[in-house]
Amino acid sequence: MVSKSRFALLAIDQGTTSTRAILFSDRGKVLSVRQKELTLLCPRKGWVEQNPEAIWNDMLRVSREAIRDAQNADLTIAAIGITNQRETTLIWDRKTGRPVYNAIVWQDRRTADDCEKLKSAGHEQNFIEKTGLLIDPYFSATKIAWILDHVPGVRARAENGDLAFGTIDTFLLWRLTGGKVHATDITNASRTMLYDIVRQQWDDDLIRLFNIPAAVLPDVKANVADFGQTAPDLFGASYAVGGMAGDQHAALIGQACFESGMIKATYGTGCFALMNIGTDFATSKNRLITTVGYRINGDTYYAVEGSIFNAGTAIQWLRDNLGLLVDAQQSESAALSVPDSNEVYFVPAFTGLGAPYWQPQARAAIIGLSRESHSAHIIRAALEAQAYQSRDLMEAMAADCGSESRSPESCVLRIDGGMAGNAFMCQFLADMINRVVEVPVVQESTAWGAAALAGLQSNVFMDLTDISSSWSCMRRYQPAMDASKRHMLYAGWKNAVKRVLR
Ligand code: ADP
């Protein structure tokens with residue numbers, strides 16, 4: 001760990017499957033990575049929870065290790081940036097700091113029926129126009145309402161002002177500042193279904209519709225801001241928290257997608273593609289969502305987003321539930337051991353289908369099995385599914401862009417996340433979406449985005465061009481599949497999806 005610079009930036013990246021603390025140089029070079037795996041709890045079908053104390057303890061442990069790494073290398077941490085799994089919902093007691101219930105994870109589908117009721121009552125258009133979102137259990141609002149309605153005594157305590165709501169960023173910030181700061185950033189707020197992203201404030205009508213006491217809501221700040229100082233007893237010294245953004249937004253920043261039309265996609269547990277659409281809010285006509293990309297220096301940039309709920313989950317499932325893989329990496333050689341998937345399609349709708357289908361009730365399926373099918377075909381189909389799902393999103397984005405904007409066909413796709421390390425998946429993706437796919441040198445785009453935000457606040461960086469100039473490409477995948485094959489394979493996917501829609 002050698003660095004010529006005196007300053008380092010610490011990113012806390014609290015993800016769905018792990019909590020990490022990553023130390024970056026002021027050039028965006030990764031100096032140290034500390035990581036702890038996080039357990040998902042699935043107490044019932046469709047329910048997904050996490051233990052908030054595990055999240056907090058893991059964060060403390062990895063942050064302390066990374067701070068020690070900085071000290072050993074004689075580096076000063078200029079500021080901390082936080083990025084997090086979005087929408088995951090917590091409510092805690094303001095006096096004790098103790099959560100009243102587990103964190104309800106973004107993948108949780110327990111509020112699917114509540115969402116159906118809201119849709120049937122004709123509310124969806126209102127949500128689209130104010131929040132940019134569609135009504136879905138994915139977002140925080142129905143999860144908050146569920147905790148208020150199902151955990152004994154919680155509603156009364158919330159109405160008394162004794163409880164605080166937060167996504168993971170807010171919970172960590174609250175505890176990091178010793179309970180002094182109850183705040184989120186605009187990107188995390190924009191995922192709650194309670195925040196008007198056009199007027200950029202909590203929306204009273206939506207809050208009332210969910211019967212959520214306004215007293216539980218955090219302050220909302222820009223992505224580069226003074227988020228407070230860490231309590232001195234935690235790390236032996238106090239550090240400024242200078243940047244915060246939801247994971248996908250942080251990745252948009254880390255991938256330097258600052259121009260309208262630029263797209264990044266992160267392939268982790270889920271897959272999330274965000275296209276920067278500039279400073280004008282616009283709703284999607286193709287069942288994508290609009291979200292705040294980032295707000296920096298008084299300018300709010302919007303993004304169109306396609307969310308795929310299950311990407312890497314398919315590989316995890318093949319490894320853990322079917323025992324077909326020893327580890328995720330092995331999926332690459334398995335996929336390459338067969339010339340094609342032998343017409344097997346794997347629709348990984350384990351927790352429903354996200355954009356552009358929005359079918360919380362759909363469930364996964366492996367379709368097209370024949371007597372010749374074996375495990376390599378299924379593994380290959382699981383990887384190919386990521387490309388098909390991405391194509392679904394890219395088509396919707398292209399249709400949304402219309403003719404006035406720069407055509408997304410002319411853009412490359414910048415990708416990151418655990419699955420971006422799978423060369424077979426990347427090439428098949430380039431082939432299926434018929435555009436160049438780029439993997440950056442700094443593959444920790446999400447953490448780097450958070451660090452970059454902290455760097456802007458602490459004057460390590462002057463402006464966004466400093467961040468753009470630190471981006472460089474490590475691997476570029478050129479589309480190489482002929483059009484007729486691409487169309488035929490994709491038609492097979494569309495057919496497979498039809499079979500799981502309810
Ligand atoms: P998250 O941030 O959502 O926790 P990561 O970006 O760390 O996720 O990616 C982890 C996911 O990616 C897991 O679901 C894992 O199965 C999958 N994954 C990791 N490496 C590979 C690989 N080489 N090939 C295929 N899938 C992979």
Side-chain angles (χ1 to χ4, degrees), residues 11-22 30 33-40 48 50 54-55 58-59 62 82-88 103 105-107 138 168-169 245-251 254-255 264-273 307-337 346 348 350-351 354 364 376 378-387 389-390 414-429 439-440 442-450 475 477:
I12 295 171
D13 178 1
Q14 205 300 300
T16 312
T17 56
S18 73
T19 304
R20 301 197 290 177
I22 302 186
V30 175
V33 181
R34 298 293 182 161
Q35 173 162 347
K36 178 92 173 58
E37 297 304 315
L38 183 64
T39 308
L40 280 174
V48 189
Q50 278 171 339
I55 292 176
D58 291 353
M59 192 238 46
V62 295
I82 299 176
T83 182
N84 58 295
Q85 51 170 318
R86 306 169 301 171
E87 299 102 11
T88 297
V105 175
W106 55 275
Q107 289 178 318
Y138 172 31
I168 300 298
D169 54 310
D247 52 10
Q248 305 313 319
H249 313 258
Q255 290 272 33
K264 78 88 206 174
T266 301
Y267 294 85
T269 307
C271 166
F272 302 87
S307 332
I308 297 167
F309 296 144
N310 293 282
T313 340
I315 299 301
Q316 270 171 334
W317 183 80
L318 291 177
R319 185 193 63 188
D320 301 340
N321 296 44
L322 297 195
L324 295 188
L325 294 165
V326 175
D327 56 34
Q329 282 74 15
Q330 203 197 351
S331 62
E332 184 174 333
S333 52
L336 289 168
S337 73
F346 187 155
F350 296 107
T351 53
I378 297 174
I379 295 164
R380 184 168 171 128
L383 292 171
E384 290 181 352
Q386 313 315 325
Q389 296 192 106
S390 304
R414 292 184 170 179
I415 71 165
D416 49 65
M419 296 187 97
N422 187 310
F424 167 77
M425 201 281 289
C426 295
Q427 183 58 51
F428 195 81
L429 174 64
V439 182
V442 178
Q443 287 186 44
E444 307 288 354
S445 306
T446 304
W448 166 234
R475 279 194 308 271
Y477 296 88

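Note that ligands are numbered from 1 as they come in the structure, with each ligand's atoms numbered from 1 the same way. This one's a predicted model, so the numbers in the text were calculated from it and none came from an experiment.
Counting only N and O atoms by type, the side chains of Asn422 and Ser331 include a donor and acceptor under 3.5 Å apart. With hydrogens and angles left out, the side-chain atoms of Thr266 and Asp416 include a donor and acceptor closer than 3.5 Å.
Protein heavy atom nearest atom 18 (N) of ligand 1, with residue, atom name and distance: Ala328 CB, 3.7 Å. Of the protein's non-hydrogen atoms, the one nearest atom 12 (O) of ligand 1 is Met419 CG, 3.7 Å.
The option with the heavy atom closest to atom 8 (O) of ligand 1, from among Leu40, Leu325, Thr269, Thr19, is Thr269. Across Gly312, Ser445, Gly270, Ala335, heavy-atom proximity to atom 16 (O) of ligand 1 is greatest for Gly312. Among Gly268, Ala382, Cys426, Gly15, the residue whose heavy atom sits closest to atom 10 (C) of ligand 1 is Gly268.
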Could you check Arg86 against His249 for side chain to side chain contact (heavy atoms under 4.5 Å, CB included), going step by step and ending with a plain yes or no? CA-CA 10 Å; Arg86 306 169 301 171; His249 313 258; 3.0 Å; yes
Side chain to side chain contact (heavy atoms under 4.5 Å, CB included), that's the test. Do Trp317 and Asn310 meet it? Break it down for me. CA-CA 10 Å; Trp317 183 80; Asn310 293 282; over 6 Å; no
Before giving the answer on side chain to side chain contact (heavy atoms under 4.5 Å, CB included), spell out for Leu383 and Ile315 the whole-Å C-alpha distance, their side-chain angles and the decisive distance to 0.1 Å. CA-CA 8 Å; Leu383 292 171; Ile315 299 301; 3.7 Å; yes
Going through the checks in order, is the side chain to side chain contact (heavy atoms under 4.5 Å, CB included) test met by Gln107 and Leu40? CA-CA 10 Å; Gln107 289 178 318; Leu40 280 174; 4.2 Å; yes
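Atoms of ligand 1 found under 4.0 Å from any heavy atom of Gly418, numbered from 1 in the order shown, are 5 (P), 6 (O), 9 (O), 19 (C), 20 (N), 21 (C). Less than 4.0 angstrom separates some heavy atom of Gln329 from each of these atoms of ligand 1: 23 (N). The ligand atoms of ligand 1 that sit less than 4.0 angstrom from a heavy atom of Gly417 are 6 (O). Residue-ligand proximity, Thr17 to ligand 1, at heavy-atom distances under 4.0 Å covers atoms 1 (P), 4 (O), 8 (O). Within ligand 1, the atoms closer than 4.0 Å to a non-hydrogen atom of Ser331 are 24 (N), 25 (C), numbered from 1 in the order shown.
At least one N or O atom of Asn422, backbone or side chain, sits closer than 3.5 Å to an N or O atom of ligand 1.
For the salt bridge (Lys or Arg N to Asp or Glu O under 4.0 Å) test, no residue two or more places apart in sequence or in another chain qualifies with Glu332. Every salt bridge (Lys or Arg N to Asp or Glu O under 4.0 Å) that Arg380 has, sequence neighbours left out, goes to Glu384.
Under 4.0 Å from ligand 1, the heavy atoms of Thr313 that appear belong solely to its backbone.
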